[in-house]
Amino acid sequence: MSTASGSSSRGGVDVDVEAGDASGYDSMGKAGFRTSPSASSGAGGSQGLRILMKDLTYTVPSNTKKGEVAHLLRDVSAFLEPGQMTALMGPSGSGKTTLLDLLAGRKTVGKTEGHLSFGGVTPTKQFLRRYTGYVEQFDTLLGDLTVREMLLYTAELKRPTSEPLADKRDAVDVLLKRLALTQCADVRIGDPLSKGISGGQAKRTNIGIALISNPRVLFLDEPTSGLDSYTANEVMKVVRGLTSDGTTICATIHSPTAATFALFDRVMLLVRGQVVYFGPQGLPALEFAAAEWGPAAAGSASELLALHRAASAAAPLAIEAAASATDQSTVKAAATSSVAALAFNDAEVLVEAVTEADHRGEAAGLAAAYAKSRLAQDNARQIEVYMAEGAAGRGGMGGGSRPSGMCRVATALGVSKCGNGKSASSNKAAPEAAAAATPATADVELGAAGATAGGEQQLVRQRTSSPFAAVSTANTSSALSVSEQVAKELATRSETVTPWYWGLWTLLKYRSTKNYCNPGWLGPRIADKLLISLIILTLYLGIGDNFAPDNLINIQSALFMWALLPAFGAASYVPAIVLERRLFVRERADGLYRVFTYLAAKLVEELVLSIIITLIFSSYVFYGVQLKGAWVVFWLIYFIDLSVGIVLAYLVAALSPNMDVANAALPGFVVTLLFFAGQLITVDSIPPWWQWYSRIDPLRYAWGALMINQFEDNNVILAGDQTILEYYSLSGVDKWAYVGYLSLFWIVFATLALLALTFVHHQKR
Ligand SMILES: Nc1ncnc2c1ncn2[C@@H]1O[C@H](COP(=O)(O)OP(=O)(O)OP(=O)(O)O)[C@@H](O)[C@H]1O
């Protein structure tokens with residue numbers, strides 16, 4: 001396994017960077033992702049998209065002051081470049097996740113104002129679902145699948161159906177290699193109760209899920225949270241490696257180590273939803289803080305800056321002294337100042353500085369200082385240029401090889417490392433350098449892009465020594481046709497890549513087959529029915545054909561329990577929706593399937609099992625108790641009754657915010673049904689003001705149909721001159737009509753469950 005590695009500069013100190021598996025990257029590029037035309041139709045070659053934000057403001061109804069709105073983001077302006085990795089940083093509650101969610105189209109509440117474009121175009125929500133990757137802070141994986149299966153499952157749902165399975169497998173293999181997951185590829189993911197893969201492996205699996213469709217843009221929310229610093233750095237190195245194919249990457253990050261922070265190109269510092277710095281990470285950020293934030297806020301930043309400067313100044317002298325081996329004290333002094341500089345972490349210093357300033361109530365001052373700064377003005381000018389490019393239909397796509405913005409300038413200034421490689425420029429280019437990112441520079445770049453429009457395949461080598469951008473292949477098609485392709489993607493209204501029937505098949509293939517082999521899944525679905533059917537069998541053994549008056553009450557009670565059983569057993573179907581909600585929300589937001597597909601897969605999975613178990617249980621109960629009527633009707637009613645219980649459970653689960661509410665709501669509702677089924681009190685005796693409830697009680701129809709099946713040919717006298725069917729208001733009723741009504745409940749509950757799953761958002765963002 002060959003690895004691409006190199007170095008990046010962190011305040012003058014080189015940090016070794018390993019870019020993941022370069023061979024993996026290449027093969028992904030050639031076999032796994034790029035060359036399949038079908039795949040590229042979903043992923044679109046190797047181009048990332050430039051994301052432009054101008055005066056982006058996001059408000060929600062305040063939860064602290066009634067009737068007011070809270071500004072969670074205020075006038076955020078920035079640009080995220082293809083082939084670059086941008087860190088969103090700031091104190092807790094500063095709005096990092098809010099901004100990331102907004103960019104990724106995952107906000108479900110609130111109002112957004114300002115300009116937001118991807119590749120110069122306002123994207124549809126469906127585009128964001130299909131063509132961007134989002135790695136959430138918390139892992140949402142299927143514990144029963146292995147890592148390989150999890151990725152293949154996602155590949156089957158997110159890559160075009162026209163791509164052969166073998167190609168998808170290849171792409172997964174390449175991804176496993178690239179994410180260093182090969183070792184645990186066939187290990188079950190597990191869950192908190194039965195541990196499988198480690199936290200770092202789970203995080204990388206989540207990243208793999210986001211990458212399987214080769215997204216143009218990758219968002220990551222706290223990708224290193226919960227990981228030790230070594231694993232965190234490994235994970236981020238892998239992510240960093242993705243910039244080499246032009247992917248636009250943006251990650252919120254809390255306390256990165258110095259090495260992890262050095263992997264980023266740019267940093268956006270937020271405080272109370274406002275930008276207080278947006279520019280290169282490293283020394284330029286420290287220089288900006290020292291110069292613009294005022295002495296109180298920039299205290300530690302200035303200190304660190306001085307240390308960096310001392311270390312840089314002493315280094316050449318030390319090297320000279322060491323070479324001649326004469327002046328040990330100079331070497332020692334240089335080493336001491338380097339170590340002192342290294343002891344500080346740029347990221348920590350910056351975040352601490354703004355956090356302290358925020359606590360002193362100076363957040364607005366920092367934001368104002370940034371807004372007035374030359375850097376902010378340069379950034380604003382750059383945004384104008386990019387917006388003009390977008391308006392002219394030229395802008396926004398990066399080939400991963402185009403140096404842009406500050407980096408282009410740094411290249412022009414002769415800085416050796418730049419662009420989408422790990423960027424020394426980002427450390428060394430002073431904020432002022434941004435001023436040179438003039439429209440003229442941009443035009444030069446566009447000219448270069450235009451030169452590729454002739455349709456020739458052009459190998460673009462960036463003027464950089466960075467390994468990440470060692471070789472990038474420009475898109476082989478013309479810039480215009482790529483634009484058309486991207487424009488099509490950006491305007492897509494289709495939620496998913498694959499059709500619903502494919503999604504249904506895939507969900508059944510990967511998830512249901514595992515569930516069918518999982519005792520933890522099967523147990524609750526079978527145990528209660530097995531137990532109660534055995535009790536009914538043994539308690540009422542052989543009495544079903546005994547129509548003696550004193551036995552009639554026993555038979556109708558047995559039938560009532562038989563009808564009731566699925567309603568009470570419905571509780572076992574609730575967790576399938578409630579406990580899986582986070583995964584469902586994530587997969588839906590990722591555009592893996594539609595709600596209908598998800599619900600249909602769940603129902604097929606449950607109904608197949610239900611057919612099997614109802615056939616078995618109804619057989620021994622019907623013949624053991626020696627009931628009358630047709631067994632097939634007895635079974636059919638039980639099966640439909642159980643199916644109604646399942647969709648009722650899904651409806652309650654979809655409406656309930658958590659298991660506690662669902663566990664209280666479902667049995668409570670079922671108990672109300674008992675009273676109106678016609679057995680505890682006959683339908684004719686129910687007071688007029690409750691008659692309506694009896695009519696919409698599915699138990700009434702299930703039990704009524706069972707009773708008619710049992711007694712229609714043996715309608716014996718029960719009380720006075722009333723036959724048993726007359727007594728229970730079932731005389732002259734067609735059992736098939738009752739079976740039909742019962743089926744209607746299935747349709748109604750299933751439709752309501754579908755609507756609830758679609759429109760009731762318990763996870764508000
Ligand atoms: N309805 C609301 N009314 C008032 N404030 C709100 C409302 N909703 C969210 N907030 C605030 O918005 C801020 C943004 O939260 P967000 O999760 O984006 O911050 P963050 O920077 O990602 O924090 P962390 O680093 O802790 O994850 C928080 O301070 C939160 O309290």
Side-chain angles (χ1 to χ4, degrees), residues 512 515-548 550-573 603-649 670 674 677 679 698-716 724-725 728 730 735-736 738-739 742-743 746:
S512 303
N515 284 340
Y516 287 156
C517 303
N518 179 358
W521 186 86
L522 288 172
R525 284 161 174 78
I526 299 177
D528 61 325
K529 291 161 204 75
L530 176 67
L531 180 71
I532 296 184
S533 61
L534 285 176
I535 290 176
I536 292 177
L537 171 71
T538 50
L539 194 62
Y540 298 96
L541 194 66
I543 64 157
D545 56 356
N546 177 0
F547 294 100
D550 58 348
N551 191 47
L552 294 180
I553 197 79
N554 297 333
I555 298 175
Q556 61 90 357
S557 298
L559 294 178
F560 188 62
M561 287 310 292
W562 190 245
L564 190 63
L565 165 63
F568 274 118
S572 51
Y573 301 96
L603 290 176
V604 171
E605 172 182 280
E606 299 289 7
L607 295 185
V608 167
L609 178 71
S610 299
I611 288 176
I612 297 167
I613 60 176
T614 54
L615 280 173
I616 297 169
F617 298 158
S618 64
S619 297
Y620 64 69
V621 167
F622 186 84
Y623 291 108
V625 178
Q626 293 182 14
L627 291 166
K628 292 307 213 182
W631 166 81
V632 71
V633 176
F634 181 76
W635 163 75
L636 188 65
I637 295 165
Y638 181 46
F639 170 67
I640 299 173
D641 197 21
L642 179 59
S643 309
V644 171
I646 292 168
V647 283
L648 172 64
V670 168
L674 291 187
Q679 198 261 359
L699 274 185
R700 171 179 168 180
Y701 302 105
W703 178 67
L706 285 171
M707 287 286 286
I708 298 165
N709 187 48
Q710 168 72 17
F711 291 108
E712 64 186 342
D713 294 332
N714 301 283
N715 197 5
V716 292
I724 187 161
L725 292 181
Y728 287 112
L730 294 167
K735 65 174 179 264
W736 292 111
Y738 269 30
V739 171
L742 190 60
S743 307
W746 190 91

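All values below were derived from every heavy atom in this structure, side-chain atoms included, with hydrogens, water molecules and symmetry-related copies excluded. Just so we're clear, the structure is a prediction, and the values are computed from it rather than from any experiment.
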Between [atom1] of [X] and [atom2] of [Y], what distance do you get to the nearest 0.5 Å?
X    : Y    : atom1 : atom2 : result
L559 : M707 : CG    : CE    : 6.5 Å
I532 : L537 : CD1   : CG    : 13.5 Å
Y573 : L648 : OH    : CG    : 12.0 Å
E712 : L730 : CD    : CG    : 11.0 Å
E605 : I646 : CD    : CD1   : 10.0 Å
W703 : I708 : CH2   : CD1   : 10.0 Å

Whether Y623 and W631 hold their rings parallel, tilted or perpendicular, with breakpoints at 30° and 60°: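 If you compare the ring of Y623 with that of W631, the planes turn out parallel.
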
Any side-chain donor near an acceptor of the partner, Q556 and Y728, under 3.5 Å: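 A pair is found: one side chain offers a donor N or O, the other an acceptor, under 3.5 Å apart.
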
Report yes if some heavy atom in the side chain of [X] is under 4.5 Å from a heavy atom in the side chain of [Y]; otherwise report no.
X    : Y    : value
K628 : I555 : no
W736 : L636 : yes
Q679 : S557 : yes

ring-ring contact (aromatic ring centres under 6.0 Å, His included) partner of F622, chosen from F634, W562, F617: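 Output: one option passes, namely F634.
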
From CA spacing to verdict: ring pair (Phe, Tyr, Trp, His ring centres under 6.0 Å), Y516, W521: CA-CA 7 Å; Y516 287 156; W521 186 86; 5.7 Å; yes

Indicate yes or no for a side-chain donor-acceptor contact from [X] to the backbone of [Y] under 3.5 Å, with no hydrogens or angles considered.
X    : Y    : result
N554 : Y540 : no
N709 : K735 : no
Q710 : G544 : yes

For [X] and [Y], work out which heavy atoms get closest and say how close.
X    : Y    : answer
A570 : A649 : O-CB, 3.3 Å
T538 : L534 : OG1-O, 2.7 Å
G624 : L541 : O-CD1, 3.6 Å
L642 : K529 : CD1-CE, 3.4 Å

Of all pairs that satisfy side chain to side chain donor-acceptor pair (under 3.5 Å), the ones with a partner from residues 638-648, not counting sequence neighbours: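 Qualifying pairs: none.
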
Stepwise side-chain contact (heavy atoms from CB on, under 4.5 Å) test for Y738 and L742: CA-CA 6 Å; Y738 269 30; L742 190 60; over 6 Å; no

